[in-house]
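In this text, all values refer to a predicted model and were calculated from it rather than measured experimentally.
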Amino acid sequence: GAAYLPLDFNYPSQRIQFMLDDCGVKLLLSNFDLDMEYEGIEILKFNSVECPQYEESNIITDRSSSDLAYIMYTSGSTGKPKGVMVEQMNIVRLVENISYVQLREGDHLLQTGSIAFDAATFEIWGSLLNGLTLFMVPQEKILSSDILEKIIYDNKINIMWLTVSLFNKIISENENVFNSLDTILVGGDKLTP
């Protein structure tokens, strides 16, 4: 029954604090040690054996498609970042019974962007709701075209979504990096010829 707020801890600490305060976050899940304390927020390191277990009775199952799923913040280029509330039905519309790409059980999708970037919604929920395997690797590996090519090949990645700038950078370094993909989605700007 909860909603989530994806955070990129590469953002300035003031921006992160603003988003946490603005949303009234009560619980923060992380897979690494945080270098800041957040007053009034319980922090759980989810790959730790010390992570407490909650009773299944704590899970609210009476939900609606119009319930809040997550809040994604705008870049803040016009001043202060604004939280955009995304409902459960918005996620389903993005990744279920869609015509722009086929997502089939058994496909392998590589997440290329920050979890705090809206394309991550397609990558994560497209995988979870359609039976795909989602691969997550450190950003520095994605930025190296040779390492990326090996990751794609070794993990049988067949679907990727990329920003135009990342696609243009990678393809300029290694034009064969995407040869084994069935589907590549690129958008947001003009592609190089």
Side-chain angles (χ1 to χ4, degrees), residues 1-96 108-143 151 155 160-163 166 188:
Y4 69 93
L5 167 67
L7 295 171
D8 184 337
F9 282 92
N10 292 316
Y11 287 166
S13 59
Q14 298 88 348
R15 178 182 169 94
I16 293 170
Q17 189 65 58
F18 167 78
M19 294 183 331
L20 292 170
D21 293 343
D22 194 46
C23 289
V25 170
K26 294 179 176 75
L27 175 68
L28 192 123
L29 299 173
S30 177
N31 63 342
F32 57 89
D33 292 320
L34 300 174
D35 59 356
M36 286 184 64
E37 292 288 324
Y38 298 100
E39 188 175 329
I41 299 175
E42 181 181 0
I43 298 175
L44 296 178
K45 187 173 178 188
F46 64 79
N47 62 351
S48 169
V49 293
E50 298 172 16
C51 184
Q53 300 297 311
Y54 291 95
E55 295 295 322
E56 287 183 22
S57 62
N58 191 29
I59 299 173
I60 299 169
T61 56
D62 183 25
R63 307 305 305 157
S64 162
S65 62
S66 61
D67 287 338
L68 184 64
Y70 68 92
I71 299 175
M72 182 74 63
Y73 275 79
T74 63
S75 65
S77 58
T78 60
K80 196 185 316 184
K82 294 170 187 64
V84 177
M85 296 187 293
V86 180
E87 297 176 350
Q88 303 281 346
M89 73 176 109
N90 302 128
I91 295 172
V92 174
R93 283 186 192 145
L94 177 68
V95 300
E96 286 287 313
H108 293 186
L109 190 147
L110 178 66
Q111 184 176 348
T112 61
S114 163
I115 195 165
F117 182 51
D118 62 353
T121 304
F122 167 80
E123 295 168 327
I124 295 168
W125 291 105
S127 296
L128 287 173
L129 295 176
N130 290 289
L132 281 67
T133 301
L134 177 65
F135 290 83
M136 303 170 94
V137 298
Q139 188 67 26
E140 61 271 8
K141 291 185 177 186
I142 292 170
L143 296 176
I151 289 169
N155 296 291
M160 287 179 67
W161 187 99
L162 295 160
T163 62
L166 181 56

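Distance alone, capped at 3.5 Å, places no donor-acceptor pair between the His108 side chain and the Phe135 backbone. Side-chain atoms of Gln111 come within 3.5 Å of backbone N or O of Gly113 as a donor-acceptor pair. Between the side chain of Thr74 and the main chain of Lys82, a donor-acceptor pair closer than 3.5 Å is present.
With sequence neighbours excluded, no residue forms a side chain to side chain donor-acceptor pair (under 3.5 Å) with Tyr11. With sequence neighbours left out, Asn130 forms a side-chain contact (heavy atoms from CB on, under 4.5 Å) with Val95, Glu96, Leu103, Leu132. When the side chain to side chain donor-acceptor pair (under 3.5 Å) test is applied to Ser66, the partners found at least two apart in sequence or on another chain are Ser64.
Residues Ser114 and Ala120 approach most closely at O-CB, 3.6 Å, considering heavy atoms. Residues Ile71 and Met85 come closest through the heavy atom pair CG1-CG, 4.2 Å. Across Cys23 and Leu5, no two heavy atoms sit closer than the pair SG-CD2, 4.0 Å. When all heavy atoms are compared, the tightest approach of Thr121 to Tyr70 is OG1-OH, 2.6 Å. Counting all heavy atoms, side chain and backbone alike, Met72 lies closest to Asp118 at CE-CA, 3.8 Å. Scanning both residues, Ser65 and Glu87, for their nearest heavy atoms gives O-CB, 3.9 Å.
Rounding to the nearest 0.5 Å places OG1 of Thr112 at 7.5 Å from CD of Gln139. Here the CE atom belonging to Met160 is positioned 4.5 Å from the CG atom belonging to Leu110, to the nearest 0.5 angstrom. The distance from atom CG of Leu20 to atom CD1 of Ile41, rounded to the nearest 0.5 Å, is 4.5 Å.
Tyr38 has its side chain out of reach of Val25: every pair of non-hydrogen atoms, C-beta onward, lies at least 4.5 Å apart. Annotation: side chain of Ile142 is not in contact with side chain of Ile151 (no heavy-atom distance under 4.5 Å). Asp8 is not listed as a side-chain neighbour of Ile16, based on a closest heavy-atom distance of 4.5 Å or more. A 4.5 Å side-chain heavy-atom check between Leu134 and Ile124 finds at least one atom pair inside the cut-off. At least one side-chain heavy atom of Leu7 sits under 4.5 Å from a side-chain heavy atom of Leu28. Put simply, the side chain of Thr133 does not reach to within 4.5 Å of the side chain of Asn155, judged on heavy atoms.
More than 12 heavy atoms of other residues, nucleotides or ligands sit less than 6.0 Å from atom CD of Glu140. Counting non-hydrogen atoms of other residues, nucleotides and ligands closer than 6.0 Å to CE of Met89 gives a total above 12.
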